[in-house]
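A short worksheet on the structure shown next.
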Amino acid sequence: MINQQIQIYNTLTRTKEKFAPLNPPFVGLYVCGPTVYSDVHLGNCRTFISFDLICRYLKFIGFKVRYVRNITDAGHLEGDRDEGDDKFAKKAKLEQVEPMEIVQKYTVGFHDVMRTFNTMPPSIEPTATGHICEQIEMTKKIIANGYAYVVNGTVYFDVEKYNKEFLYGQLTNRKLEELLEGTRELDGQDEKRGRLDFALWINAKPEHIMRWPSPWGWGFPGWHIECSAMSSKYLGDAIDIHGGGMDLQATHHTNEIAQSQACNHQAPVKYWMHTNMLTVNGVRMSKSAGNGFLPDELFTGNHPLLEKGYSPMAVRFFMMQTHYRSTLDFSNAALQAAEKGFERLMAAYNTLQNLTPSAASSFDLNQLKQKCYDAMNDDFNAPILLAQLFDGVKIINSVNDGKEKISAADLDEMQKLFSGFIFDVLGLAADSNASAANDDTLSTVMSLVIDIRKDAKTKKDFSTSDKIRDDLAKAKITLKDTKDGTEWKLEK
RNA sequence: GGUCCUGUGGCCGAGUGGCUAGGCAGAGCUCUGCAAAAGCUCCUACUGCGGUUCGAAUCCGCACGGGACCUCCA
């Protein structure tokens, strides 16, 4: 039933491997979601859009995917010292609201943006605060198994002990000694035994608002334990694919593996997938670098780095032109190129709906079709898929010009192929540039104006017809005379 | 300093040891009252220097240039 063989680049082995899920046709996919203490930026979006593509393709070829993506709404601390305020409490203090108001506000905002980019919601979207019990239970088990210790109400994971039996640095291909070299000496204040030890549960200081009771006193979970606890709750102790941004690989995911292994006595993940970073003028977009712009600023063009606004679907198309494991650099030129390419693809899709079939086809549709699957089978190579689709675009236009022919059966197949890959797999959608066209008053007026101009043209009164066109252009409305009549568009 | 990625035509961006990426821009043509738009055609690159090979952008080495992670970040 599933007759495509996918190759996935597995970070764990640093090679492409044949994808063989643990319990086909079911696939468990876990992706580390956002920490909702501020607006999502484009870098975050890119990761989730990449996994949206991956999830869509898995479903497209027949897998039954359970896609779990968490919301981190507790436990994520400001610094690296396992102490101090968490991000939510800090922001809440700043805005003088409850921490959970922060969580709610940015969760809603995140969902809005994800919808705008036409990503499918995950099957389950668990929150850290909703799974405190599970995290406590897991921590208890890790202690019982001997891989964690308690100091003053805080529970630390014993990395050096773990490393005696397992490869702690496996995910980043590093030895413990190398990792230790990169860390600072413990100072006298430190409760930790080892420099690489990290907190599973953190004792709450008196001023800390987000706190829960635990066997070790009032506290809150460490950042890494939530993903381990929630992925194993909803996808089992061994899951097929775990994904996230590359920046999570070294610390967050490395710790996740250690915790889960220490708790459940088995490696938690078969395939680790990491998406690369988004850069702006060659520099990583990040909250701390201050070079990020928000999705809304990108759509409106309301940012010093942006020459104009770009539609969400043009941006999505832009992202699809780069493989998920390559860095993606944002620039106005690249964005504008993508915008035009996207329009061309969609125009061809529309043309495809109106082609006239012939007795036989003059090209090999099956070959094109297989190339599309091959592209995606090779570690979800969307750029290659797009290249194949553009080959299809050329064919569509040639058929439209009468230079190539397509049979009725192939036409039907090709329509399915295009809508399948463009909409279902790539997750693109016709731009809702139609906001103007949906304005009844304006479209009524426009069809009247176009009618008058048409009359003028018929009477060869070109000064009138040109005046209409030129004056409309001044009002940011452009007219295009096509063979099927005149189209109009409101420029942004 | 350590681990690793990377350097492709004007720009963005794929890539298999030998065969066309693709998009955008540019040029020519078609269409058109004009224009715009659209379509078709063309534009053959792989940081440098060595090496392996019948053959390398694709493998190896060195050099130089970018970047990521090692510290909160998708």
Side-chain angles (χ1 to χ4, degrees), chain A residues 14 31-35 37-38 40-51 72 76-81 84 86-87 169 172-175 177-184 223 243-252 254 274-279 282-289 292 317-318 320-323 325-345 347-348 351 371 375 378 381-391 393-394 396-398 400-401 403 457 460-462 465-466 469-470 473 478-483 486-487 489:
Chain A
R14 289 168 303 283
V31 174
C32 290
T35 302
Y37 71 102
S38 65
V40 279
H41 70 219
L42 264 326
N44 300 312
C45 295
R46 151 106 122 150
T47 291
F48 303 130
I49 290 170
S50 294
F51 282 105
T72 297
H76 205 149
L77 296 178
E78 272 298 318
D80 63 327
R81 307 297 311 267
D86 71 22
K87 289 169 183 288
T172 45
N173 192 28
R174 300 170 77 183
K175 298 197 179 85
E177 304 79 65
E178 294 167 354
L179 288 165
L180 282 166
E181 280 170 23
T183 58
R184 63 172 73 83
W223 174 37
M246 262 183 186
D247 50 350
L248 299 182
Q249 185 181 333
T251 308
H252 185 54
T254 289
H274 289 96
T275 57
N276 214 134
M277 299 293 104
L278 188 150
T279 60
V283 179
R284 173 180 168 187
M285 181 185 281
S286 72
K287 287 167 184 169
S288 48
F317 177 92
F318 174 61
M320 293 297 152
Q321 278 190 303
T322 303
H323 186 80
R325 280 190 290 114
S326 299
T327 53
L328 170 64
D329 194 53
F330 257 55
S331 69
N332 284 286
L335 243 9
Q336 281 161 30
E339 192 173 48
K340 292 192 177 170
F342 174 58
E343 280 173 13
R344 189 158 162 245
L345 180 66
T351 304
K371 281 181 173 175
D378 184 10
N381 200 324
I384 295 286
L385 170 61
L386 278 172
Q388 303 304 343
L389 290 176
F390 273 104
D391 279 349
V393 166
K394 198 173 282 183
I396 290 168
N397 289 330
S398 296
N400 195 39
D401 287 353
K403 290 174 187 164
K457 280 173 63 172
K460 303 229 183 275
D461 178 7
F462 296 123
S465 69
D466 287 354
R469 183 174 67 201
D470 296 344
T478 48
L479 295 185
K480 288 195 299 186
D481 293 334
T482 71
K483 61 180 177 183
T486 301
E487 293 171 4
K489 197 167 108 182

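Throughout, protein chains are lettered first and strands after them, A, B, ... in sequence-line order, and every chain is numbered starting at 1. The analysis underlying the following values was restricted to heavy atoms, covering all of them including side chains, and did not include hydrogens, waters or symmetry mates.
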Listed partners of [X] passing side chain to side chain contact (heavy atoms under 4.5 Å, CB included), at least two apart:
X: A:Lys340; result: none
X: A:Gln249; result: A:Thr11, A:Leu171, A:Thr172, A:Met246, A:His274
X: A:Ile49; result: A:Cys45, A:Phe117, A:Thr119, A:Arg316, A:Met319, A:Met320

Between A:Lys394 and A:Asp391, does any NZ, NE, NH1 or NH2 come within less than 4.0 Å of an OD or OE carboxylate oxygen?
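Answer for the salt bridge query: no.
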Quantified in whole Å, what is the [atom1] atom distance between nucleotide [N] and nucleotide [M]?
N: B:A56; M: B:G67; atom1: P; value: 32 Å
N: B:G13; M: B:G7; atom1: P; value: 11 Å
N: B:A14; M: B:U53; atom1: C1'; value: 26 Å
N: B:G48; M: B:C31; atom1: C1'; value: 49 Å
N: B:G39; M: B:A25; atom1: P; value: 10 Å
N: B:C12; M: B:C19; atom1: C1'; value: 25 Å
N: B:G15; M: B:C46; atom1: C1'; value: 11 Å
N: B:G22; M: B:A45; atom1: C1'; value: 14 Å

Counting any heavy atom closer than 4.0 Å, what does [X] reach on the DNA or RNA strands: base, sugar-phosphate only, or nothing?
X: A:Leu335; value: nothing
X: A:Gly43; value: base
X: A:Met246; value: nothing
X: A:Gly169; value: nothing

In chain order, what residues pass the salt bridge (Lys or Arg N to Asp or Glu O under 4.0 Å) check against [X], with sequence neighbours excluded?
X: A:Asp470; answer: none
X: A:Arg174; answer: none
X: A:Asp247; answer: A:Arg284

At under 4.0 Å between heavy atoms, how does the protein contact nucleotides 26-34 of chain B? Give one character per nucleotide, 5' to 3', with B, S or -.
-------BB
For nucleotides 3-15 of chain B, read 5' to 3', which letter fits each nucleotide if B means a protein heavy atom sits under 4.0 Å from the base, S means only the sugar-phosphate is that close, and - means neither?
SS-------SSSS
If I take atom [atom1] in residue [X] and atom [atom2] in nucleotide [N], what distance separates them, rounded to the nearest angstrom?
X: A:Glu339; N: B:C24; atom1: CD; atom2: P; value: 12 Å
X: A:Gln249; N: B:G67; atom1: CD; atom2: C1'; value: 15 Å
X: A:Lys403; N: B:A38; atom1: NZ; atom2: P; value: 16 Å
X: A:His41; N: B:C72; atom1: NE2; atom2: P; value: 16 Å

Please figure out whether A:Lys394 or A:Met277 has its closest RNA chain B nucleotide nearer the 5' end.
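Upstream on the strand: A:Lys394.
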Close side-chain approach of A:Val393 and A:Leu345, heavy atoms under 4.5 Å
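Heavy-atom side-chain distance check passes, below 4.5 Å.
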Would you call A:Thr275 and A:Arg46 a side-chain contact if the rule is heavy atoms closer than 4.5 Å?
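No, side chains not in contact.
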Verify the contact: side-chain N or O of A:Lys340 to OP1 or OP2 of B:G23, cut-off strictly under 4.0 Å; return yes or no.
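A:Lys340 to B:G23 OP1/OP2: no side-chain N or O under 4.0 Å.
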Would you indicate, yes or no, if B:G22 has its OP1 or OP2 atom less than 4.0 angstrom from a side-chain nitrogen or oxygen of A:Arg344?
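So the side chain of A:Arg344 is outside the cut-off, no N or O lying under 4.0 Å from OP1 or OP2 of B:G22.
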Each base of RNA chain B marked ( ) or [ ] if paired in-strand (Watson-Crick or G-U under 3.5 Å), | if paired to another strand and . if unpaired gives (((((((..(((...[.[...))).(((((.......)))))....(((((..]..].))))))))))))....
Non-neighbouring partners of A:His323 that pass ring-ring contact (aromatic ring centres under 6.0 Å, His included), sequence neighbours left out
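Not a single residue meets the ring-ring contact (aromatic ring centres under 6.0 Å, His included) criterion with A:His323.
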According to ring-ring contact (aromatic ring centres under 6.0 Å, His included), who are the partners of A:Phe318, at least two apart in sequence or on a separate chain?
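By the ring-ring contact (aromatic ring centres under 6.0 Å, His included) rule, A:Phe318 matches A:Phe330.
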If only atom types and distance count, is the side chain of A:Asn381 paired as donor or acceptor with the main-chain N or O of A:Ile384 below 3.5 Å?
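Indeed, once roles are kept as given, a pair shorter than 3.5 Å links the two residues.
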State which residues pass side chain to side chain donor-acceptor pair (under 3.5 Å) with A:Asn397; sequence neighbours excluded, sorted by chain then number.
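Listed in chain order: nothing, the list is empty.
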